[in-house]
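Take a look at the structure below.
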Amino acid sequence: MSTSPSTVTVSGPDRGALLANLTVRFGRVEVVSERQVVLPGGGTGWELTVEHRPFVSDVLAEGNNGHTRSPSPSAAPKKLLPDAPPPTPPADTAAAEQAATRAAAAEAEAG
(Lines give C-alpha, C1' and ligand atoms only; values in the text may rest on other atoms or scores of the structure.)
Protein backbone atom coordinates (compact mmCIF):
# COMPACT_ATOMS: atom_id res chain seq x y z
CA MET A 1 0.00 0.00 0.00
CA SER A 2 1.33 3.40 -0.93
CA THR A 3 2.24 5.73 1.92
CA SER A 4 2.74 8.79 -0.29
CA PRO A 5 0.10 11.49 0.13
CA SER A 6 -2.69 11.81 -2.42
CA THR A 7 -3.77 15.22 -3.68
CA VAL A 8 -7.44 16.15 -4.06
CA THR A 9 -8.96 19.40 -5.35
CA VAL A 10 -12.56 20.33 -4.49
CA SER A 11 -14.71 23.42 -4.85
CA GLY A 12 -17.89 24.67 -3.23
CA PRO A 13 -19.56 27.68 -1.67
CA ASP A 14 -18.61 26.96 1.98
CA ARG A 15 -14.93 26.56 2.85
CA GLY A 16 -15.68 25.13 6.32
CA ALA A 17 -18.05 22.51 4.93
CA LEU A 18 -15.46 21.48 2.33
CA LEU A 19 -12.79 21.01 5.00
CA ALA A 20 -15.18 19.10 7.27
CA ASN A 21 -16.21 16.80 4.42
CA LEU A 22 -12.60 16.13 3.43
CA THR A 23 -11.62 15.42 7.03
CA VAL A 24 -14.47 12.95 7.47
CA ARG A 25 -13.62 11.20 4.19
CA PHE A 26 -9.84 11.17 4.40
CA GLY A 27 -8.88 11.76 8.02
CA ARG A 28 -5.93 14.07 8.46
CA VAL A 29 -5.69 16.56 5.56
CA GLU A 30 -3.19 19.31 4.85
CA VAL A 31 -4.26 22.29 2.76
CA VAL A 32 -1.82 22.74 -0.13
CA SER A 33 -3.60 25.68 -1.76
CA GLU A 34 -6.85 27.57 -1.57
CA ARG A 35 -8.38 30.34 -3.60
CA GLN A 36 -11.65 32.11 -4.03
CA VAL A 37 -13.35 31.24 -7.34
CA VAL A 38 -16.53 31.91 -9.29
CA LEU A 39 -18.65 28.76 -9.25
CA PRO A 40 -20.52 27.48 -12.34
CA GLY A 41 -23.82 29.01 -11.08
CA GLY A 42 -22.21 32.45 -10.93
CA GLY A 43 -21.76 32.60 -7.15
CA THR A 44 -18.47 32.90 -5.33
CA GLY A 45 -16.91 29.95 -3.60
CA TRP A 46 -13.67 28.23 -2.67
CA GLU A 47 -11.33 25.85 -4.43
CA LEU A 48 -9.24 23.79 -2.01
CA THR A 49 -6.38 21.45 -2.84
CA VAL A 50 -5.41 19.12 0.01
CA GLU A 51 -3.04 16.24 0.60
CA HIS A 52 -4.15 13.23 2.59
CA ARG A 53 -2.93 9.79 3.55
CA PRO A 54 -5.28 6.84 3.93
CA PHE A 55 -6.02 5.84 7.53
CA VAL A 56 -4.49 2.36 7.19
CA SER A 57 -1.26 3.47 5.59
CA ASP A 58 -0.58 5.76 8.58
CA VAL A 59 -0.62 2.75 10.89
CA LEU A 60 1.54 0.64 8.58
CA ALA A 61 3.99 3.39 7.65
CA GLU A 62 4.54 4.77 11.14
CA GLY A 63 4.62 1.45 12.95
CA ASN A 64 2.37 2.91 15.66
CA ASN A 65 5.07 5.42 16.61
CA GLY A 66 3.19 8.34 15.09
CA HIS A 67 -0.26 9.70 15.69
CA THR A 68 -2.10 6.39 15.52
CA ARG A 69 -1.87 4.01 18.47
CA SER A 70 -3.21 0.52 18.88
CA PRO A 71 -3.50 -1.34 22.16
CA SER A 72 -0.46 -3.33 23.17
CA PRO A 73 -0.79 -7.09 22.79
CA SER A 74 -0.18 -7.58 26.52
CA ALA A 75 -3.07 -5.31 27.51
CA ALA A 76 -5.93 -7.38 28.85
CA PRO A 77 -9.32 -6.58 27.36
CA LYS A 78 -11.79 -4.85 29.64
CA LYS A 79 -14.49 -7.08 31.06
CA LEU A 80 -17.93 -5.92 30.00
CA LEU A 81 -19.86 -8.50 32.03
CA PRO A 82 -19.11 -10.05 35.42
CA ASP A 83 -17.76 -13.59 35.48
CA ALA A 84 -20.52 -16.17 35.42
CA PRO A 85 -20.48 -18.81 38.13
CA PRO A 86 -19.15 -22.17 36.99
CA PRO A 87 -21.83 -24.49 35.70
CA THR A 88 -23.15 -26.97 38.24
CA PRO A 89 -22.53 -30.58 37.31
CA PRO A 90 -25.65 -32.55 36.43
CA ALA A 91 -27.15 -34.19 39.49
CA ASP A 92 -26.68 -37.91 39.76
CA THR A 93 -30.32 -38.94 39.87
CA ALA A 94 -29.66 -42.36 41.41
CA ALA A 95 -27.63 -40.83 44.27
CA ALA A 96 -30.29 -38.15 44.78
CA GLU A 97 -33.04 -40.78 44.97
CA GLN A 98 -31.04 -42.85 47.49
CA ALA A 99 -30.45 -39.77 49.68
CA ALA A 100 -34.16 -38.92 49.57
CA THR A 101 -35.08 -42.50 50.49
CA ARG A 102 -32.62 -42.44 53.43
CA ALA A 103 -33.96 -39.08 54.61
CA ALA A 104 -37.55 -40.38 54.44
CA ALA A 105 -36.58 -43.56 56.34
CA ALA A 106 -34.81 -41.52 59.01
CA GLU A 107 -37.85 -39.29 59.35
CA ALA A 108 -40.15 -42.29 59.67
CA GLU A 109 -37.96 -43.82 62.39
CA ALA A 110 -37.79 -40.54 64.28
CA GLY A 111 -41.43 -39.73 64.07
Side-chain angles (χ1 to χ4, degrees):
M1 184 173 285
S2 172
T3 59
S4 62
S6 299
T7 304
V8 177
T9 301
V10 295
S11 60
D14 184 355
R15 180 184 180 274
L18 289 171
L19 285 172
N21 189 328
L22 290 166
T23 303
V24 168
R25 287 181 181 219
F26 300 117
R28 189 177 41 201
V29 295
E30 184 175 331
V31 177
V32 176
S33 69
E34 64 181 280
R35 63 186 181 130
Q36 216 168 4
V37 295
V38 177
L39 298 172
T44 59
W46 292 91
E47 179 184 89
L48 300 175
T49 301
V50 299
E51 285 185 347
H52 71 91
R53 293 183 184 203
F55 288 115
V56 175
S57 67
D58 280 348
V59 173
L60 296 175
E62 297 175 9
N64 294 334
N65 291 327
H67 300 285
T68 307
R69 296 177 67 188
S70 64
S72 66
S74 63
K78 292 182 182 176
K79 288 186 178 183
L80 299 178
L81 299 174
D83 290 334
T88 56
D92 184 9
T93 55
E97 286 177 12
Q98 287 175 357
T101 304
R102 278 189 231 129
E107 238 179 74
E109 286 180 19

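Sequence positions, counted from 1, serve as the residue numbers for this chain.
- Considering only heavy atoms from C-beta on, L19 comes within 4.5 Å of V31 through its side chain.
- Within a 6.0 Å sphere centred on CD of E30, heavy atoms belonging to other residues, nucleotides or ligands number 12 at most.
- When every heavy atom of V32 is checked against every heavy atom of E51, the shortest pair comes out as CG2-CG, 3.4 Å.
- Nearest heavy-atom pair, V29 versus L22, reported as atom, atom and distance to 0.1 Å: CG1-O, 3.9 Å.
- Residues E34 and W46 come closest through the heavy atom pair OE1-CZ3, 3.7 Å.
- Residues T49 and T9 come closest through the heavy atom pair OG1-OG1, 2.9 Å.
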Donor-acceptor contacts, no H, no angles, side chain residues 38-45, under 3.5 Å, sequence neighbours left out:
none

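- Remark: H52 NE2 to T7 OG1 distance equals 8.0 Å, nearest 0.5 Å.
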